[in-house]
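Take a look at the structure below.
Convention: sequence-line order gives letters A, B, ...; per-chain numbering from 1.
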Amino acid sequence: MTASIWLLKTEPDQFSIADLASRGIAGERWNGIRNYQARNFLRTMQLDDLALIYHSGCSLPAIVGTARVISIPYEDLDALNPASPYFDAKSSTSNVRWSAVDIQFSQLWSQPVTLAQLKASGELADMTILRQARLSIAPVLDVELRVILALLAQNEAASP
DNA sequence: GCCAACGTTGGC
DNA sequence: GCCAACGTTGGC
């Protein structure tokens, strides 16, 4: 099976791509996902899958760089920890309802590809993330990645 | 800060 | 199993 591509949302005020970069090769646990659809996507992630990092809830919502999946999915044990903000009373040791993966920083894009650009491109109307704005993990098709990378190339060519 | 979208919860 | 109420997300 070939590697899949994902879009991962994060609020830069909480955890930005710069924070991910600072983690180096150790990477970061992508945990706290508390939405079934997002979790189900997460559970199909495989080693070396590509992740596009998207900044949401900020002044310029945009894809800002890339990361790589460096673990297989595993139980998100924060669900069992009452002190964690991600505690889930309905999870138990025999049924941890939520999952996590580790990801590692790959690239910071010098020119982010903005949400406005994604919407304006016309070719991405069916992109999961545009259809379901609130989903924090979404698959990206190869054809969609190509359009996004073309937008990135345009941005880079236009930058001083 | 507002509001639309939408997922979750809980009563019935 | 339905649906109203509620909470959260996230763009603007």
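- Rounded to an integer number of Å, the gap from CG of A:L135 to P of C:dG10 is 9 Å.
- Checked against the 6.0 Å centroid threshold, A:F87 and A:W98 do not count as a close aromatic pair.
- The CZ atom of A:R39 sits 10 Å away from the P atom of B:dT8 (whole-angstrom rounding).
- With A:E144 contributing its side chain and A:L141 its backbone, the two residues share a donor-acceptor pair below 3.5 Å.
- Regarding contacts with the backbone of C:dT9, every side-chain N or O of A:Y54 stays at 4.0 angstrom or more from both OP1 and OP2.
- Closest to the side chain of A:P61, from the set B:dT9, B:dT8, C:dG11, is C:dG11.
- Remark: A:R97 engages A:D88 in a salt bridge, criterion side-chain N to carboxylate O under 4.0 Å.
- Salt-bridge formation is detected for the pair A:R34/A:D76: a Lys NZ or Arg NE/NH1/NH2 atom is positioned less than 4.0 Å from an Asp or Glu carboxylate oxygen.
- As rounded to whole Å, 15 Å separates atom C1' of C:dG11 from atom CG of A:D13.
- Of the candidates B:dG10, C:dC12, B:dG7, the closest approach to any side-chain atom of A:R134 belongs to B:dG7.
- Nearest nucleotide to the side chain of A:K119, out of C:dC12, B:dG7, B:dT9: C:dC12.
- When rounded to the nearest whole Å, the span between CZ of A:R131 and P of B:dG7 equals 14 Å.
- As a whole-Å value, the separation of A:K9 NZ from C:dG10 P is 4 Å.
- When the P atom of B:dT9 is taken as reference, atom CZ of A:R34 falls 12 Å away, rounded to whole Å.
- Between the NZ atom of A:K90 and the C1' atom of B:dT8 there is a distance of 8 Å, rounded to whole Å.
- Across the protein-nucleic acid pair, A:L130 atom CG and C:dG10 atom C1' stand 13 Å apart, rounded to whole Å.
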